2 protein chains.
Amino acid sequence: MFDVFFSHILEKVSLTEREKELLKTYFTYKKLRKKQFLLEEGEVCHYLSFVERGLLKSYNTDEKGIEHVSLFAWEGWWTSDLSSFFKEEKAIFTIDAVEDSEILMITLADFEKMTIEIPVMDRYFRILFQNSLFTKEQRLLSSVTYSAEEKYLRLAESNAQLLLRVPQNLIASYLGITPETLSRIKKNISRR
Amino acid sequence: MFDVFFSHILEKVSLTEREKELLKTYFTYKKLRKKQFLLEEGEVCHYLSFVERGLLKSYNTDEKGIEHVSLFAWEGWWTSDLSSFFKEEKAIFTIDAVEDSEILMITLADFEKMTIEIPVMDRYFRILFQNSLFTKEQRLLSSVTYSAEEKYLRLAESNAQLLLRVPQNLIASYLGITPETLSRIKKNISRR
DNA sequence: AAACAAACTTGATATAGATCAACGCTGACT
DNA sequence: AGTCAGCGTTGATCTATATCAAGTTTGTTT
């Protein structure tokens, strides 16, 4: 139940057996069926969640009702509306399960307790957030600099697995283009 | 020389006098004249820098030679090509001074020493990177969801100071639109 | 297996914003 | 004080991608 969890954390920091046992106590295990919501826009996001198995997406819905996927999270990733979670404000993102999933959830109060009692978790999350920043920076640059086709090709290169696991309309949404445009792009690419 | 520096760090974590003195020893002070480079694309980024005074921008230049501003950093902000700094890879960003500036710089080796010897700095940077993530998430959402005019209005609201301090062509670049478009947007807004 | 709803494709048309070009203003350096 | 480069404005045109619409394929539920 904590397999993926510990293997991911121990890649970045060391924990004693005692710390491991303590760490477990802060988390709640939950199963989600495909399409089930973990968070809905407008609620306060009460959990930071680690994906043990499955795949979730977090997205924002605009005035026209169009969904813009902000992040996919599968085995070994964390997901949450970070801003809502840490500031206890209303969430701007919705999170739901793309596949049946199993997650480990922690509340803000427990997160704070955890960083006090296991200070090395501050280091773990420092490294985690730092790596997240690289990715976000790349995406931001990509979204401003490249054409729709280049964005798709770059995603295909950097994240081939995603394309196999996620329906094309969600990929389009993640890239910030319409499904129609993505369909045409793929046709053009395969014609060459 | 470390005024802004300590006031910003002490907002987030506490330090003993001993830790403060030790912390200082890891940083190098540097003055930059307007237009002077702190980092050029293709180099490895050897420093993470805190801005004591002034204003820097970090940007990426595309194949057409167009600059895309990724981040402005003024008093109390950190700047670096994070990915290049932490992975010791070639930088994709260039950083230069928009105004005469004074900065405090730390190398990766010293950063690592610092987090070992003053573990609470892991916490400081965890919180810092976490806050950065909120902002990047917002910008990404904004860049995909909103029209050029909405992006501008949102920036004006959330960051009025920036508009006063930075030339309009850089604001356009930061928003991912052309200077011509921004000029037209402002005209439209003021006509109403 | 039938029936229905998603997901994907293809074509026609519309549009936001880019690009190209010319000109005026401002402020920095000689 | 004069000159020149950079910044901002405005207009005309172009283009990548969105939007709208219809049809096809795939997958899920009963």
Side-chain angles (χ1 to χ4, degrees), chain A residues 33-36 55 57 59-69 72 96-100 141-156 162-192, chain B residues 33-36 55 57 59-69 72 96-100 141-156 162-192:
Chain A
R33 303 298 303 278
K34 188 171 170 172
K35 299 203 176 171
Q36 196 178 336
L55 175 61
K57 66 176 197 289
Y59 57 96
N60 151 279
T61 308
D62 68 22
E63 328 81 66
K64 290 179 196 153
I66 297 169
E67 294 178 1
H68 303 274
V69 173
F72 292 108
D96 65 20
V98 178
E99 305 171 0
D100 291 353
L141 189 145
S142 183
S143 96
V144 168
T145 310
Y146 302 116
S147 70
E149 178 170 326
E150 284 168 325
K151 280 181 228 177
Y152 173 73
L153 290 173
R154 279 169 179 267
L155 180 67
L162 194 65
L163 302 193
L164 300 172
R165 222 166 148 173
V166 171
Q168 202 171 304
N169 60 345
L170 293 183
I171 297 289
S173 166
Y174 181 73
L175 291 173
I177 62 182
T178 59
E180 292 96 326
T181 297
L182 181 53
S183 172
R184 285 183 248 264
I185 284 170
K186 290 183 77 173
K187 194 171 128 198
N188 279 344
I189 291 171
S190 68
R191 250 211 318 250
R192 298 194 297 239
Chain B
R33 303 300 303 276
K34 189 171 169 171
K35 299 202 175 173
Q36 194 177 337
L55 174 62
K57 67 175 196 287
Y59 57 96
N60 151 278
T61 308
D62 69 20
E63 331 80 64
K64 290 180 197 153
I66 297 168
E67 295 178 3
H68 303 274
V69 173
F72 292 107
D96 65 21
V98 177
E99 305 171 0
D100 291 353
L141 190 146
S142 182
S143 96
V144 168
T145 309
Y146 302 115
S147 69
E149 180 170 324
E150 284 168 325
K151 280 181 226 176
Y152 174 73
L153 289 173
R154 280 169 178 266
L155 180 67
L162 193 64
L163 303 193
L164 298 174
R165 221 165 148 176
V166 171
Q168 201 169 305
N169 58 346
L170 293 183
I171 296 289
S173 166
Y174 181 73
L175 290 172
I177 62 180
T178 59
E180 291 96 328
T181 296
L182 182 52
S183 171
R184 284 183 251 263
I185 284 170
K186 291 182 77 173
K187 194 170 127 200
N188 279 344
I189 291 171
S190 68
R191 250 210 319 247
R192 297 195 298 240

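In this text, all values refer to a predicted model and were calculated from it rather than measured experimentally. In what follows, chains carry the letters A, B, and so on, assigned in the order in which the sequence lines appear, proteins first and then strands, with residues in each chain numbered from 1.
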Check the distance between [N]'s [atom2] and [X]'s [atom1] and give it to me in whole angstrom.
X	N	atom1	atom2	result
B:Glu67	D:dC7	CD	P	10 Å
A:Tyr152	D:dA16	OH	C1'	19 Å
A:Ile177	D:dT19	CD1	C1'	15 Å
B:Lys35	C:dA28	NZ	C1'	10 Å
A:Glu99	D:dT28	CD	P	12 Å
A:Glu149	D:dA16	CD	C1'	12 Å
A:Ile185	D:dA18	CD1	P	8 Å
B:Ile171	D:dG6	CD1	P	20 Å

Can you check whether [X] has a side-chain N or O nearer than 4.0 Å to OP1 or OP2 of [N]?
X	N	value
B:Lys187	D:dT10	yes
A:Gln168	C:dA6	no
A:Thr178	D:dT17	no
A:Ser183	C:dT9	yes
B:Ser147	C:dA16	no

Heavy-atom nearest nucleotide on DNA chain D taken for B:Lys186 and for A:Gly176; more 5' hit belongs to B:Lys186
Margin query: Can you work out whether A:Ala148 or A:Lys34 has the more 5'-proximal nearest nucleotide on DNA chain D?
Written below: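 On the 5' side of the pair lies A:Ala148.
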Q.
Just verifying a value: how many Å separate B:Tyr152 OH and B:Leu163 CG, rounded to the nearest 0.5 Å?
A.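 Separation between the atoms: 5.0 Å.
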So CG of B:Leu175 and CD of B:Glu150: to nearest 0.5 Å the spacing works out to 12.5 Å
- Task: Determine whether any donor atom in the side chain of B:Glu180 lies under 3.5 Å from an acceptor atom in the base of C:dC20, or the reverse, and answer yes or no.
- Result: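 Side chain to base: pair present.
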* Asked: Looking at C:dG11, does its base get a donor-acceptor pair with the side chain of A:Arg184 below 3.5 Å?
  ->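 Such a pair exists between side chain and base.
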Self-check item: Side-chain touch A:Asp62/B:Val144, heavy atoms, less than 4.5 angstrom
Solution: no
### Query
So do the side chains of A:His68 and B:Leu141 get within less than 4.5 Å of each other, counting heavy atoms only?
no
Using a heavy-atom cut-off of under 4.0 Å over every strand shown, decide if B:Leu182 touches base, sugar-phosphate, or nothing. nothing
Review point. When we call it a touch if two heavy atoms are under 4.0 Å apart, what does B:Lys64 touch: a base, just sugar-phosphate, or nothing?
Key: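 Sugar-phosphate, no base atom in range.
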Closest to the side chain of B:Asn169, out of C:dT9, D:dC7, D:dA18, is D:dC7
| query | Testing B:Lys57, B:Lys34, B:Gln36 for side chain to side chain donor-acceptor pair (under 3.5 Å) with B:Asp96, which one passes? | reply |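 That would be B:Lys57.
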